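What follows is a set of notes on a single structure, which appears directly below.
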Amino acid sequence: MPDVELVAVVDTREDRAREIAAKYGTRGLTAATALTGEVDAVCIAVPTESHVDVALPFIERGAAVLVEKPIAASMHEADRLIAAAERYGSVLAAGHTERFNPAVVAALPLVTAPRFIEVHRLGTFPERSLDIDVIFDLMIHDLDLLLAMAGPEIESVEAVGVNVLTPRTDIANARIRFASGCIANVTASRISRDRVRKVRVFQHDSYVSIDYAAQEVEVYRLVPKDGRPVIGGGRLEVTNDEPLHRELLDFVSAVRHGHAPGVTGRAGREALALATRVAEAMAAQT
């Protein structure tokens with residue numbers, strides 16, 4: 001990225017750290033503590049259970065921190081990160097990359113009063129993030145987006161999940177009722193044959209469909225024609241781009257210019273809180 005110096009990459013696997021460092025012409029380290037006090041900003045993509053331990057030393061030195069979702073392993077740890085960022089004046093961003101998907105960016109202004117939202121995020125079995133279940137690995141992306149669409153106040157949550165290939169939940173479904181009256185039905189799976197990442201939003205006078213993977217948006221509305229309403233609309237023009245790249249541009253801009261990042265630490269906490277509620281509702285069914 002222009003005007004950004006990659007000071008180092010850190011990985012507990014020394015061979016991996018050296019490999020990536022060589023590729024990008026920088027240093028390869030095995031301990032993040034070696035960088036505290038040396039950098040203006042860091043991106044942290046370690047197992048969720050280590051987020052708070054790795055992030056706090058940087059925050060306490062005033063460095064800006066982008067933490068991969070979920071922001072922390074518990075609400076208590078999320079609160080520790082947020083409190084530290086406020087105390088030391090550090091930028092704290094949560095890595096909800098889907099918010100920077102060009103299709104999502106184009107669609108969000110069109111979602112004004114959703115009544116029903118259907119979400120499917122289905123993926124093949126991964127080799128990473130198996131330390132957390134599918135709610136905190138995949139579904140949390142969509143929970144964050146639901147909060148942006150339907151508001152933060154939740155009236156009720158029902159959920160069911162099944163562990164198939166791991167000891168943790170591999171497929172989950174949640175039905176969430178918002179105080180606004182909107183109901184969302186969300187399904188997430190990491191054991192599907194095909195990759196599906198779609199959101200369908202139904203409103204009083206319009207329908208909005210988002211395909212995360214294809215970065216496509218379709219919008220249909222009731223329009224008057226010859227004295228009676230008919231359905232009109234179609235695909236919006238969306239300029240494809242890499243969401244992670246956009247997220248990093250936003251993060252760097254927040255660090256450089258002092259504005260809030262696109263997804264703040266508090267927004268990450270709200271998504272974690274809803275994911276936790278889904279997990280608790282699921283546990284109550286067993």
Side-chain angles (χ1 to χ4, degrees), residues 68-69 93-124 134-135 137-152 172-178 180-190 192-225 229-251 253-254 260-264 267-268 270-271 274-275:
E68 181 58 270
K69 58 79 199 166
H96 286 276
T97 312
E98 212 69 89
R99 284 269 210 115
F100 299 90
N101 188 311
V104 172
V105 173
L108 273 180
L110 306 175
V111 180
T112 55
R115 303 302 297 165
F116 180 68
I117 303 175
E118 181 86 30
V119 184
H120 288 92
R121 182 177 291 269
L122 314 178
T124 55
V134 74
I135 301 168
D137 179 24
L138 299 182
M139 185 183 284
I140 195 168
H141 280 296
D142 304 303
L143 299 180
D144 171 64
L145 187 58
L146 288 175
L147 291 167
M149 288 180 171
N173 174 266
R175 187 174 179 85
I176 303 167
R177 183 183 295 272
F178 292 83
S180 63
C182 177
I183 294 176
N185 188 62
V186 191
T187 301
S189 169
R190 57 186 180 192
S192 300
R193 185 185 66 178
D194 301 317
R195 289 169 60 90
V196 178
R197 296 184 177 182
K198 292 186 177 181
V199 181
R200 298 174 179 88
V201 182
F202 299 85
Q203 304 182 119
H204 174 65
D205 60 352
S206 65
Y207 162 73
V208 181
S209 174
I210 307 170
D211 188 322
Y212 292 121
Q215 296 187 5
E216 294 177 351
V217 180
E218 293 183 33
V219 182
Y220 296 92
R221 296 185 177 89
L222 290 176
V223 293
K225 184 178 181 180
V230 296
I231 296 175
R235 184 173 296 175
L236 295 186
E237 183 175 343
V238 175
T239 301
N240 289 8
D241 195 6
E242 170 53 54
L244 180 58
H245 179 238
R246 287 191 170 198
E247 179 181 69
L248 293 173
L249 287 174
D250 174 81
F251 178 54
S253 177
V263 183
T264 63
E270 290 179 0
L274 182 51

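By convention here, the first residue in the shown sequence is residue 1. The model shown is predicted, which means the values in this text are computed figures rather than measured ones.
Rounded to the nearest 0.5 angstrom, Met139 CE and Thr187 OG1 are separated by 6.5 Å. Considering CD of Glu218 and CG of Asp211, their distance stands at 9.0 Å, rounded to 0.5 Å.
In this structure, the side chain of Asn101 engages the main chain of Tyr212 through a donor-acceptor pair within 3.5 Å. Under the 3.5 Å distance criterion, the side-chain polar atoms of Gln203 are matched with a main-chain donor or acceptor of Thr112. Side-chain atoms of Gln215 come within 3.5 Å of backbone atoms of Asp241 as a donor-acceptor pair (strictly under, hydrogens ignored). No donor-acceptor pair under 3.5 Å is formed between the side chain of Lys198 and the backbone N or O of Val119.
Across Asp250 and Gly262, no two heavy atoms sit closer than the pair OD2-N, 2.7 Å. Scanning all heavy atoms of the two residues, the minimum distance from Glu270 to Pro152 falls at OE1-CB, 4.5 Å. Pairing each heavy atom of Ala172 with each of Val134, the nearest pair is CB-CG1, 3.8 Å. Between Ala150 and Ser180, the shortest heavy-atom contact is O-OG, 3.5 Å. The minimum heavy-atom distance between Phe178 and Ala184, with the atom names listed, is CE1-CB, 4.0 Å. Residues Arg221 and Ser206 approach most closely at CG-CB, 3.7 Å, considering heavy atoms.
Looking only at side-chain heavy atoms (C-beta outward), Arg99 and Asp144 come within less than 4.5 Å of each other. Contact check for Pro102 versus Thr239: no side-chain heavy atoms found under the 4.5 Å cut-off. Within the 4.5 Å cutoff, the side chain of Glu98 has no heavy atoms near those of the Leu145 side chain. Using a 4.5 Å heavy-atom threshold, the side chains of Arg177 and Ile183 count as touching. Residues Val208 and Val217 form a side-chain contact, since some pair of their non-hydrogen atoms from C-beta on lies under 4.5 Å apart.
Applying the side-chain hydrogen bond (donor to acceptor under 3.5 Å, both in side chains) test between Asp142 and each of His96, Arg197, Arg121 identifies Arg121 as the sole match. Just one residue in the list Val199, Leu146, Ile117 forms a side-chain contact (heavy atoms from CB on, under 4.5 Å) with Val186, and that residue is Leu146. Evaluated for a side-chain hydrogen bond (donor to acceptor under 3.5 Å, both in side chains) with Asn185, the options Glu118, Arg200, His120 yield exactly one hit, Glu118.
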### Query
Hey, mind stepping through Phe100 and Val263 against side-chain contact (heavy atoms from CB on, under 4.5 Å) and telling me if it holds?
CA-CA 9 Å; Phe100 299 90; Val263 183; 3.9 Å; yes
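Taking the six-membered ring where tryptophan is involved, the planes of Phe202 and Tyr207 are tilted, since the angle between them lies from 30° to 60°.
Surrounding CD1 of Ile231 are at most 12 heavy atoms belonging to other residues, nucleotides or ligands under 6.0 Å away.
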